[in-house]
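The structure appears below as structure tokens.
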There are 2 protein chains.
Amino acid sequence: MEPVDEKTTGSAATGRKPRTRDAEATKARILDAAKREFAKNGLGGARVDVIAEKARANKRMIYHYFESKEGLFQTILENAYVDIRTAEQKLNLDHLAPKEALERLVRFTWDYYLKNPEFITLVNSENLHRAKHLKKSEVVKVYSRKFVSMVATILDRGVEAGVFRAGIDPVQLNITIAAIGYYYLTNRFTGSIVFERDLMAKDALEERLRFNIDTILRLVSA
Amino acid sequence: MEPVDEKTTGSAATGRKPRTRDAEATKARILDAAKREFAKNGLGGARVDVIAEKARANKRMIYHYFESKEGLFQTILENAYVDIRTAEQKLNLDHLAPKEALERLVRFTWDYYLKNPEFITLVNSENLHRAKHLKKSEVVKVYSRKFVSMVATILDRGVEAGVFRAGIDPVQLNITIAAIGYYYLTNRFTGSIVFERDLMAKDALEERLRFNIDTILRLVSA
DNA sequence: TCGCTAATGCACTAACTGGTTACTTTTTAG
DNA sequence: CTAAAAAGTAACCAGTTAGTGCATTAGCGA
């Protein structure tokens, strides 16, 4: 009869018994629901009432924890960036040969976009709003710096090993790696119509990943 | 869409004295204002009242000519696709050597996105709505087919001339050419923050175009 | 000149939307 | 045990939004 109630938050950290009222859990539910709703409809199209309902929370709670709809959006956007940058850092590419490191990064980027489609939509929405929310975030910049230097290191190692050509701007390379995956996936609906093929079919996805790895390796090869 | 009849159309085109009532001119003003408003705020964020005001037309006219907000959006989206595909056809790439033809296409795509930023935003908005409007358009498919075969021809000619490698999928190449320009420009706001440089500075744009041409040529080279 | 049709304008509404007020209930520090 | 702080709720509000009903007017063919 008694479900072993997994303590999602707070109580787990402090070791106290679960609460009927749980601020952290409510916050987390709101964040999760909001991420979906914002990703599905954009900042403008998202409805606060819908978020509250999906989160099984009262609308008042959203304003209690996040001040405003935009405050909520900003939090979610920041989390999204921190999430992907953290995952990238965990790749440990420095232990791999330059070519393998780069291939792994291309593969990771593709897989991440595929598994976290809301990241793409959130970024699109933020760009529609001229990055006004991201501008306020200092954390994102710190994480990004580490990311760029990660790719720069791979390039340097490749040049030294004689497998990559010299003089490639790591930022341009980063943008290109993101671009060839991001564009394909964000425009998968119009793309499937324009090119008259299902871009999301299993083999189409595999083919695209292979093509992307090939594109990047040819781009950097000595 | 339908060829504009010189006799019945606007004074602007024919040079005849202006009418107080001019259906075609009003329609055109609505279309123009709506393109801007949709591009700026997306389908959901665009306001019909704002469109009417910008077009110096009564809101009633929008519903008279385009039935609904979505009907208006659909018309604008379709026009946008027809416009870019028509411009591409005018490039006359068949008269150029394969490498030059491809470089010219990359350059054109980049310039077109730069000069017509609303195209990108409209496409993004349409993908947020899972391409429900584009699905209804048959014209777009016809134009797209011609576009793909244009690139296929360049590839074939390049292979025959021994300058391109064989076996490249023209659709994948098309997607990649679009991607490396589109991604950079659509994410110019978040990108400028993440990479801590002004991606829209004149020299940054020139550098990116050079990088993109290089990327594509390396991708196809034998 | 007349009458019909298409173009236009104004005022209105029903549904929504982000945000708030006023209140109850639970948790926890002392 | 108690009081205050925190968590949670429902009803509500003022402004906005896409879309309309209806009257008016200009232009065109006969």
Side-chain angles (χ1 to χ4, degrees), chain A residues 5 7-31 33-34 37-38 40-76 125 129 133, chain B residues 2 5-12 14 16-31 33-34 37-38 40-76 125 129 133:
Chain A
D5 194 8
K7 298 162 242 173
T8 34
T9 39
S11 42
T14 55
R16 275 181 279 101
K17 47 188 161 177
R19 286 183 273 171
T20 345
R21 292 190 166 192
D22 190 331
E24 293 303 316
T26 305
K27 239 191 240 184
R29 282 203 317 279
I30 291 173
L31 246 16
E37 174 72 2
F38 281 133
K40 196 176 170 190
N41 303 308
L43 172 53
R47 298 292 161 239
V48 179
D49 291 270
V50 173
I51 294 172
E53 193 184 8
K54 276 190 190 169
R56 285 167 288 129
N58 192 281
K59 187 163 60 151
R60 194 69 190 77
M61 289 293 95
I62 292 174
Y63 289 93
H64 186 257
Y65 291 124
F66 303 99
E67 293 226 65
S68 64
K69 186 188 182 184
E70 293 210 22
L72 178 57
F73 182 79
Q74 193 175 325
T75 305
I76 278 156
S125 198
H129 294 270
H133 309 94
Chain B
E2 64 269 58
D5 192 335
E6 283 284 306
K7 282 178 184 173
T8 54
T9 331
S11 34
T14 57
R16 274 183 286 105
K17 44 188 162 175
R19 281 189 267 169
T20 345
R21 289 187 170 194
D22 190 331
E24 293 302 318
T26 305
K27 240 190 239 184
R29 282 205 317 281
I30 291 173
L31 245 18
E37 173 72 1
F38 282 133
K40 197 176 171 188
N41 302 308
L43 170 54
R47 298 292 160 240
V48 178
D49 290 272
V50 173
I51 294 172
E53 193 183 10
K54 276 191 190 169
R56 285 168 289 129
N58 192 282
K59 187 166 60 153
R60 198 71 190 76
M61 291 293 91
I62 292 174
Y63 290 93
H64 184 55
Y65 291 125
F66 303 100
E67 294 229 55
S68 66
K69 188 188 182 184
E70 294 211 24
L72 178 58
F73 182 80
Q74 192 176 326
T75 305
I76 278 157
S125 198
H129 293 270
H133 310 93

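Note: hydrogens, waters and symmetry copies are ignored here, and every other heavy atom, side chains too, is used.
B:H64 has its NE2 atom 17 Å from the P atom of C:dC10, to the nearest Å. In this structure, A:I30 atom CD1 and D:dA7 atom P are separated by 11 Å, rounded to whole Å. Atom pair B:L72:CG and D:dT17:P shows a separation of 16 Å (rounding to whole Å applied). The interatomic distance linking A:R60 (CZ) with C:dG18 (P) rounds to 15 Å, in whole Å. In this structure, CZ of B:R56 is placed 18 Å from P of C:dA7, rounded to the nearest angstrom. Atoms CG (B:N58) and P (C:dA11) sit 11 Å apart, rounded to a whole Å. The distance between atom CD of B:E24 and atom P of C:dA6, rounded to the nearest whole Å, is 14 Å. Here the C1' atom of nucleotide D:dT20 and the CE atom of B:M61 are 13 Å apart, to the nearest Å.
Note on A:Y63: every side-chain N or O is 4.0 Å or more away from OP1 and OP2 of C:dT17. For the pair A:R47 and C:dG18, the criterion of a side-chain N or O lying under 4.0 Å from OP1 or OP2 is met. The side chain of A:T26 contributes an N or O atom lying less than 4.0 Å from OP1 or OP2 of D:dG8.
Between the side chain of B:E37 and the backbone N or O of B:V48 there is no donor-acceptor pair closer than 3.5 Å. Between the side chain of B:K69 and the backbone N or O of B:L43, at least one donor-acceptor pair lies under 3.5 Å.
Between B:K27 and B:F66, the shortest heavy-atom distance links the atoms CG-CZ, 3.9 Å. Taking every heavy atom of both residues into account, B:N58 and B:A52 meet most closely at C-CB, 4.1 Å.
Closest to the side chain of A:D49, out of C:dA7, D:dG19, C:dG18, is C:dG18. Here the side chain of B:K59 is nearest to one of D:dA18, C:dT8, D:dG8, namely D:dA18.
Using a 4.0 Å heavy-atom criterion, one finds that B:F66 contacts no nucleic acid atom at all. Contacts of B:A52 with the nucleic acid, taken as non-hydrogen atoms under 4.0 Å apart, are absent.
No side-chain heavy atom of A:L31 sits less than 4.5 Å from a side-chain heavy atom of A:Y65.
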